[in-house]
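Only one structure is covered here, and it is reproduced in the block below.
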Amino acid sequence: MSTALGEGASDFLVQAMVPELAVVLGFAGFLIALVIQFRQARYRAWTYWFAVAMVGIFGTMAADVVHVALGVPYTLSSILYGVLLLAVFWLWRRTEGTLSIHTIDSPRREAFYWATVVATFAMGTALGDFTAFTLHLGYFTSAAVFAVLILIPAAGYRWLRWNPVFCFWAAYVITRPLGACIADGLGKPRSVGGLGLGDGPVTLVLLALIVLVVGYLAVTKTDVQRAHETTPAPESAAARM
């Protein structure tokens, strides 16, 4: 829902106001959310998911600016953001020795995490548009393709004992184009293959659902891992990534 929200909210804002102002506001919201998040001593549902939402909105804007303002084709922008994502992964692992989210216990490691999230949102936006427009698959066919792809790391982790860190990030990356295609399919006009519900209404519904779920998590804390779960066990060379 957060990835779809980023797509819908970004498209709505750039149409509801001057695009340049929308991008500036998106960037400001992105910085504010990260400042609040980095000031937390531990995971808190509201601040974390607020940061995710703002990263989603700004990451979408960043990808759209490259295509709309600079005229970069979706094929090239998908490759560029893909290379950027791989570079962040490489630097993170080279610096910290692992990409596991269970080892994020310092500002530097959290900075790597959020840099990765921004790169996944930007690449996913471009990739979703690439399949929908460049490959002429349309929104819902593209969403179906990514829905199948996201099952691969799930099945690999569940039945084939694939590396859990690899499976997590593979699924995480795919959530972005999947959510973007769903949001566009619901909000965009029928003339371009959507259902025509409008970016604004789709964004409001997604926002309401996210508030309900995050509110539930904040109250119940069912997503907070216990100390024995967050303390990483000694990893073998094969298990590290």
Side-chain angles (χ1 to χ4, degrees), residues 1-23 26-27 30 52-88 116-153 169-207:
M1 289 189 292
S2 64
T3 58
L5 174 71
E7 181 72 20
S10 173
D11 291 347
F12 173 74
L13 289 174
V14 297
Q15 295 172 10
M17 61 183 71
V18 178
E20 291 81 3
L21 177 60
V23 173
F27 181 64
F30 164 72
V52 170
M54 294 311 304
V55 169
I57 295 172
F58 177 68
T60 301
M61 289 179 173
D64 288 341
V65 164
V66 169
H67 175 73
V68 177
L70 303 180
V72 177
Y74 290 128
T75 304
L76 181 57
S77 61
S78 297
I79 294 174
L80 289 175
Y81 282 121
V83 171
L84 175 62
L85 177 60
L86 291 176
V88 174
T116 304
V117 173
V118 172
T120 61
F121 271 86
M123 186 194 74
T125 297
L127 188 59
D129 289 332
F130 168 75
T131 59
F133 293 104
T134 305
L135 299 183
H136 306 291
L137 295 181
Y139 298 122
F140 292 111
T141 301
S142 295
V145 170
F146 292 118
V148 171
L149 289 177
I150 206 171
L151 294 177
I152 296 176
W169 283 112
Y172 196 106
V173 169
I174 300 172
T175 59
R176 177 53 199 163
L178 173 61
C181 290
I182 292 175
D184 283 339
L186 295 173
K188 293 298 181 284
R190 294 179 181 274
S191 59
V192 294
L195 295 182
L197 300 180
D199 293 322
V202 169
T203 299
L204 288 176
V205 171
L206 288 168
L207 180 60

List the residues meeting ring pair (Phe, Tyr, Trp, His ring centres under 6.0 Å) with Y74, not counting sequence neighbours, and say none if there are none. H67

Looking only at heavy atoms, which two atoms of V173 and P177 are closest? And how far apart? O-CD, 3.1 Å

Tell me every residue that passes side chain to side chain contact (heavy atoms under 4.5 Å, CB included) with A53, counting only those two or more places apart in sequence or in another chain. L5

Holding to ring pair (Phe, Tyr, Trp, His ring centres under 6.0 Å), I want the full list of residues that pass it with Y172, two or more places apart in sequence or in another chain. F168, W169

Contact summary for S2 and V52, nearest pair of heavy atoms: OG-CG1, 3.7 Å

In chain order, what residues pass the side chain to side chain contact (heavy atoms under 4.5 Å, CB included) check against L204, with sequence neighbours excluded? none

What donor-acceptor contacts under 3.5 angstrom involve side-chain atoms of residues 6-15, with partners at least two apart or in another chain?
{"residue": "E7", "atom": "OE1", "partner": "R176", "partner atom": "NH2", "Å": "2.9"}
{"residue": "D11", "atom": "OD2", "partner": "K188", "partner atom": "NZ", "Å": "2.7"}

Contacts of L197 meeting side chain to side chain contact (heavy atoms under 4.5 Å, CB included) (sequence neighbours excluded), chain-then-number -> L186, L195, V202

CG on L127 to SG on C181, rounded to 0.5 Å: 8.0 Å

Report yes or no: does T3 contribute a side-chain atom to a donor-acceptor pair with the main-chain N or O of T175 at less than 3.5 Å? yes

Can you give me the closest heavy-atom contact between A4 and A183, atom names plus distance? O-CB, 3.4 Å

If you measure from CG on L80 to CG on L85, what distance do you get to the nearest 0.5 Å? 12.5 Å

Drop me the distance from L86's CG to T116's OG1, to the nearest 0.5 angstrom. 10.5 Å

Table please: side-chain donor-acceptor pairs of residues 136-149 below 3.5 Å, with sequence neighbours left out.
{"residue": "H136", "atom": "ND1", "partner": "F133", "partner atom": "O", "Å": "3.1"}
{"residue": "T141", "atom": "OG1", "partner": "L137", "partner atom": "O", "Å": "3.2"}
{"residue": "S142", "atom": "OG", "partner": "T131", "partner atom": "OG1", "Å": "3.0"}
{"residue": "S142", "atom": "OG", "partner": "A132", "partner atom": "N", "Å": "3.4"}
{"residue": "S142", "atom": "OG", "partner": "G138", "partner atom": "O", "Å": "2.7"}

L84 side, atom CG; T120 side, atom OG1 - distance, nearest 0.5 Å: 10.5 Å

Quick check for you: to the nearest 0.5 Å, what is the distance between D199 atom CG and D184 atom CG? 7.0 Å

Using side chain to side chain contact (heavy atoms under 4.5 Å, CB included) as the criterion, list what pairs up with P73, not counting sequence neighbours. L76

